Amino acid sequence: MALRFIGIDPDTDHDHCPAVWVDADAKPERHMVVQGWLADEATQAECSKKSPKPDTEAVIRIPARMVPLIRKACDAAERAAKLR
C-alpha cells in the first residue's frame, strides 16, 4: 500500500490531528483514507437512521476548515483512477 499524504487539519495541535490520504494503489478502485475524531453516540445514532453502520465502519468528524484538503484528495483520487 502506498498512501499519498494530502494534509492535516491546518489548525492542528500535532497531537490529535484529522488528516487525509489517497491510496492510489487500492484495487479495484482508488480510495481516500480519512482520519478524524470519533463521532459521539448521538451523532452515530442520527447517521444510522439513513445509513446503518456495520462493525467494519466508523462515523468520524472532521472540521470544515479541511474542505480544501478533501477537495485536493478527491482530485488526486480522480486523477489516479484515470491512470488505470
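Nothing fancy with the numbering, it's 1 onward along the sequence. Keep in mind the model is a prediction, meaning the values are calculated, not measured.
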How far apart are the closest heavy atoms of [X] and [Y], and which atoms are they?
{"X": "I6", "Y": "L69", "value": "CG2-O, 3.6 Å"}
{"X": "P54", "Y": "P52", "value": "CD-O, 3.5 Å"}
{"X": "V20", "Y": "A73", "value": "CG2-CB, 3.6 Å"}

Just distance, no hydrogens or angles: give the donor-acceptor pairs under 3.5 Å from side chains in residues 32-45, sequence neighbours left out.
residue	atom	partner	partner atom	Å
Q35	NE2	C17	O	2.9
D40	OD1	A42	N	3.1
D40	OD1	T43	N	2.7
D40	OD1	T43	OG1	2.9
T43	OG1	R61	NH2	2.8
Q44	NE2	A39	O	2.6

Value rounded to 0.5 Å, distance of NE2 in H31 from CG in D25: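 Atom-to-atom, H31:NE2 and D25:CG are 11.5 Å apart.
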
Same cluster (ILVMFWY, side-chain, under 4.5 Å), V22 and I62: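 Same cluster: V22 reaches I62 through Ile, Leu, Val, Met, Phe, Trp or Tyr contacts under 4.5 Å.
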
Same apolar cluster: I8 and W21, side chain cutoff 4.5 Å: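 Hydrophobic grouping puts I8 with W21.
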
Any C47 side-chain heavy atom under 4.5 Å of K53 side chain: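 No, too far: nothing below the 4.5 Å cut-off.
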
Side chain proximity check, R65 to D9, heavy atoms < 4.5 angstrom: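 Result yes, sub-4.5 Å side-chain heavy-atom pair found.
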
